[in-house]
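Everything below concerns the one structure shown next.
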Amino acid sequence: MALPQTKVDATEARLSGMEQPQGGWTALARGQALARVREMGLPARRDEYWKYTRPDTLVSAEAPSAALFDAQETPVFGEIDRLKIVFVDGIFDAEASDDLTLEGVTIERLADVAHADIHWALDLYGTLEANGQDPVQRPLAALNTAFATDGVLIHATGKAAKPISLIYRHASETSDVILHHVIKVDAGAEVTVLENGPAAARFNKCMEIDIADGGTFHHVRAQGRDHERRAATHTFARLGRESVLKSFTLTANGVMTRNETVIELTGDDAVAHVAGASLGDGDFHHDTTVFITHDAVNCESRQVFKKVLRNGATGVFQGKILVKPDAQKTDGYQISQSLLLDGDSQFLVKPELEIYADDVACSHGSTSGAIDEEALFYLRSRGVPTGEATDLLTLAFLAEAVDEIEDEALAEEILDRIGSWLLRRRAD
Amino acid sequence: MLEIKNLHAQLEEEDKQILKGVDLTVEAGKVHAIMGPNGSGKSTLSYVLSGRDGYEVTEGSATLAGDDILDMEPEERAAAGLFLAFQYPVEIPGVGNMTFLRTAVNAQRKARGEEEMSASDFLKVIREKAKSLKIDADMLKRPVNVGFSGGEKKRNEILQMAMLEPKMCILDETDSGLDVDAMKLVAEGVNALRSEGRGFLVITHYQRLLDHIKPDVVHIMADGKIVKSGGPELALEVENNGYAGLLEEVA
Ligand SMILES: Nc1ncnc2c1ncn2[C@@H]1O[C@H](COP(=O)(O)OP(=O)(O)O)[C@@H](O)[C@H]1O
Ligand SMILES: [Mg+2]
């Protein structure tokens with residue numbers, strides 16, 4: 001079907017100013033990705049998949065500028081022994097980064113190795129993204145594959161000695177950044193990747209993760225809270241037999257965030273948990289879009305998303321579990337909940353189950369509610385002031401999501417971050 | 001300790017008068033009991049005193065150790081020394097019982113300008129008090145009242161009371177839903193807290209709790225008012241003759 005002319009025009013307007021890195025082993029994938037972008041067209045307001053989130057500022061030719069924000073807080077993950085890789089407005093900062101050597105993994109930068117003729121990531125770069133275009137199109141991810149200027153290529157061959165921490169700093173009010181990471185976890189290998197920071201005025205990030213049999217991948221990210229920053233991120237993962245993926249995202253403020261996670265469970269007994277806590281105070285928009293495909297026997301998937309919203313914030317959750325005909329004994333769970341701290345905020349949800357196997361246990365639920373007045377009074381009657389009591393109940397609301405972080409020290413970091421966000425907004 | 005004068009209260013939402021002139025004084029060191037038929041306003045009195053939303057005081061006053069409490073926020077009343085053991089303790093998923101108690105103890109200390117209790121001191125004290133109420137470590141770790149049996153919830157109320165050391169304790173039907181053993185435990189917990197500086201107001205429907213917590217004064221409440229007061233023998237009268245006879249007598 002031919003694209004509507006308006007979509008073609010909008011897409012070409014975006015593409016016109018962009019330059020594709022040339023040559024090397026990524027050239028083919030980039031060329032194909034560009035063709036996909038042209039075939040699909042960039043997201044437009046009337047697209048079904050963008051019903052609750054306006055894509056215009058994510059696809060416009062120019063990134064809307066975003067003021068820098070002095071967070072005045074110690075950066076997250078500060079207490080964690082980790083290997084730091086710093087990007088400032090998408091540009092690698094060697095000075096601020098650690099040496100990229102770590103036991104159990106090899107780490108390279110896309111921009112460093114893109115000129116080579118051959119690379120282990122050849123089979124993966126753009127491949128999981130391309131697979132993830134069906135049945136739902138994700139043109140911003142194809143745009144990313146075609147134009148990414150840098151990123152990291154992580155190959156875990158054993159147990160990584162410590163977490164790899166990607167730090168995204170924002171220094172220019174007009175930065176428009178595209179990064180693409182590829183992570184390959186070998187059979188039985190294990191690695192943890194951390195991400196934090198506002199990254200840019202507009203950030204398009206894609207992460208492709210291929211986990212072989214028995215491999216484990218942990219992912220914890222805290223999206224920076226510059227009020228005016230925008231981000232569209234995609235996480236594509238393919239899981240082999242008995243492999244494990246656990247991904248948690250904290251999103252605090254930021255005018256526009258669209259996080260898409262696309263997971264394919266292709267080996268029996270694989271486990272995928274994706275969770276998130278989202279804090280919006282003001283005219284902020286947080287969209288969590290998840291698509292999990294069960295294509296093997298006895299796999300488990302969990303989606304746990306909690307959003308705390310006030311002062312005009314909007315939370316979106318689109319979550320789908322697709323169970324293919326042979327994916328018997330699937331255990332699928334999905335919960336999305338919002339805590340609306342006032343009447344100005346809204347939570348828009350579209351939970352979906354599509355099941356073609358008969359022996360499965362899948363459940364999903366979604367709720368939206370205010371602070372429990374009974375519980376609040378109970379706490380106050382014990383002497384806990386309203387503000388502190390509200391915070392305690394808010395943390396309790398978020399607990400199921402934060403509990404998905406397996407590592408206690410990382411969970412502590414995230415809780416600290418949530419705690420300080422709440423403290424700044426203390427109502428009493 | 002607690003002085004209630006001519007207290008009138010109605011529901012905020014509808015024009016329904018529930019407390020119709022309650023007069024009651026509980027002196028420090030004394031245990032007063034309130035008995036009365038269902039719907040007479042006993043729980044409402046406890047809620048109005050502790051500051052729950054939804055009630056409007058239209059007349060009268062209530063003071064705690066001389067301070068007007070009706071204008072205070074619930075947390076201020078708590079810090080001033082008022083404690084209500086709820087008839088229906090609230091479940092709070094996601095908040096650990098221990099965290100809840102420590103937050104409460106320290107919030108009250110802070111409000112009174114006292115030093116916060118250290119984590120280790122707190123642990124020592126709570127372990128000891130929990131033990132005497134047969135509350136195990138697991139109950140302390142679990143979310144507040146979630147999955148607790150009726151008896152566990154009530155014991156948990158008494159544990160909170162023991163930790164917070166209030167000046168004035170109001171117990172709303174703490175005996176309801178308890179078997180004999182659990183009631184004894186609760187009564188022992190209360191009795192252990194009886195002291196010269198502390199007042200108790202024990203609301204109960206039945207006389208049997210008062211076998212274990214011996215009251216100094218018993219009041220009968222009916223239709224939003226105290227209709228009769230007397231010694232412990234009044235509770236026995238209720239037990240033997242029911243409220244009907246008593247209420248006829250005062251009508
Ligand atoms: N929030 C409320 N909404 C409607 N009616 C109420 C409310 N609170 C109390 N009442 C009414 O007030 C009366 C007294 O109730 P309550 O104080 O619970 O009595 P008791 O504790 O003595 O059984 C009852 O008729 C009850 O239905
Ligand atoms: Mg009652």
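Throughout, protein chains are lettered first and strands after them, A, B, ... in sequence-line order, and every chain is numbered starting at 1.
Remark: B:Q17 CD is packed, more than 12 non-hydrogen atoms of other residues, nucleotides or ligands lying under 6.0 Å away. Around the CG atom of A:D283, the shell of radius 6.0 Å holds no more than 12 heavy atoms that belong to other residues, nucleotides or ligands. Counting heavy atoms of neighbouring residues, nucleotides and ligands inside a 6.0 Å radius, atom OH of A:Y333 exceeds 12 of them. Heavy-atom contacts from other residues, nucleotides or ligands closer than 6.0 Å to CD of B:E128 number 12 or fewer. Within a 6.0 Å sphere centred on CG of B:D15, other residues, nucleotides and ligands contribute 12 heavy atoms or fewer. Other residues, nucleotides and ligands place no more than 12 heavy atoms under 6.0 Å from the CZ atom of B:R127.
The candidate from B:G94, B:A79, B:P166, B:P74 with the greatest count of non-hydrogen atom pairs under 4.5 Å with chain A is B:P74. Comparing A:E373, A:E374, A:E400 by heavy-atom pairs within less than 4.5 Å of chain B, the highest count is held by A:E374. Residue with the most contacts toward chain B among A:S381, A:A389, A:A399: A:S381 (heavy-atom pairs, distance under 4.5 Å).
Contacts of B:N145 with chain A are made by side-chain atoms alone, with heavy-atom separations under 4.5 Å and no backbone atom involved. Of the atoms belonging to B:R52, heavy atoms from both backbone and side chain fall under 4.5 Å from chain A. With a 4.5 Å cut-off on non-hydrogen atoms, B:V144 touches chain A through its side chain but not through its backbone.
Screening residues 361-419 of chain A for ring pair (Phe, Tyr, Trp, His ring centres under 6.0 Å), with sequence neighbours left out, gives A:F377-B:F86, A:Y378-B:F86, A:Y378-B:F100.
Heavy-atom minimum distance, A:R380 versus B:A78: O-CB, 4.1 Å.
The pair A:R382-B:E157 counts as a salt bridge, with a side-chain nitrogen and a carboxylate oxygen less than 4.0 angstrom apart.
Residue B:E75 is tested with A:V384, A:L379, A:T386 for a side chain to side chain contact (heavy atoms under 4.5 Å, CB included); the sole match is A:T386.
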